[in-house]
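Start at 1 with the first residue, then count along the sequence. Note that these values count all heavy atoms, side chains included, but never hydrogens, waters or copies made by symmetry.
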Amino acid sequence: MSTEETAQLRQALEDTIQVLERTRHSFKSRELGQLRRRLLDLLEQLADAEPTRGQRMERRR
């Protein structure tokens with residue numbers, strides 16, 4: 001996955017999580033809460049898997 005695609009995926013996840021957080025009092029749904037937590041976990045996994053700047057430069061060589 002390219003850096004641009006990863007950034008787009010991260011932004012979409014962040015936007016979705018923000019909507020779920022803003023509306024969680026309007027829609028008291030256990031399923032939506034679980035979905036929000038799963039998306040947060042996925043976002044953290046993406047951050048952990050993303051190479052650091054130095055690692056990206058090494059791959060280009």
Asker: Mind checking what makes side chain to side chain contact (heavy atoms under 4.5 Å, CB included) contact with E14, not counting sequence neighbours?
Answerer: R10, Q11, L43
Asker: Quick one: side chain to side chain contact (heavy atoms under 4.5 Å, CB included) partners of S2, sequence neighbours excluded?
Answerer: E4, E5
Asker: List in chain and number order the residues that pass side chain to side chain contact (heavy atoms under 4.5 Å, CB included) with Q45, two or more places apart in sequence or in another chain; answer none if no residue qualifies.
Answerer: L42
Asker: Mind checking what makes side chain to side chain contact (heavy atoms under 4.5 Å, CB included) contact with R22, not counting sequence neighbours?
Answerer: Q18, V19
Asker: Any chance you could measure L40, atom CG, to L20, atom CG, to the nearest 0.5 Å?
Answerer: 9.0 Å
Asker: Side-chain donor-acceptor pairs under 3.5 Å in residues 27-37, sequence neighbours left out?
Answerer:
residue	atom	partner	partner atom	Å
S29	OG	E31	N	3.3
S29	OG	L32	N	3.2
R37	NH1	G33	O	3.4

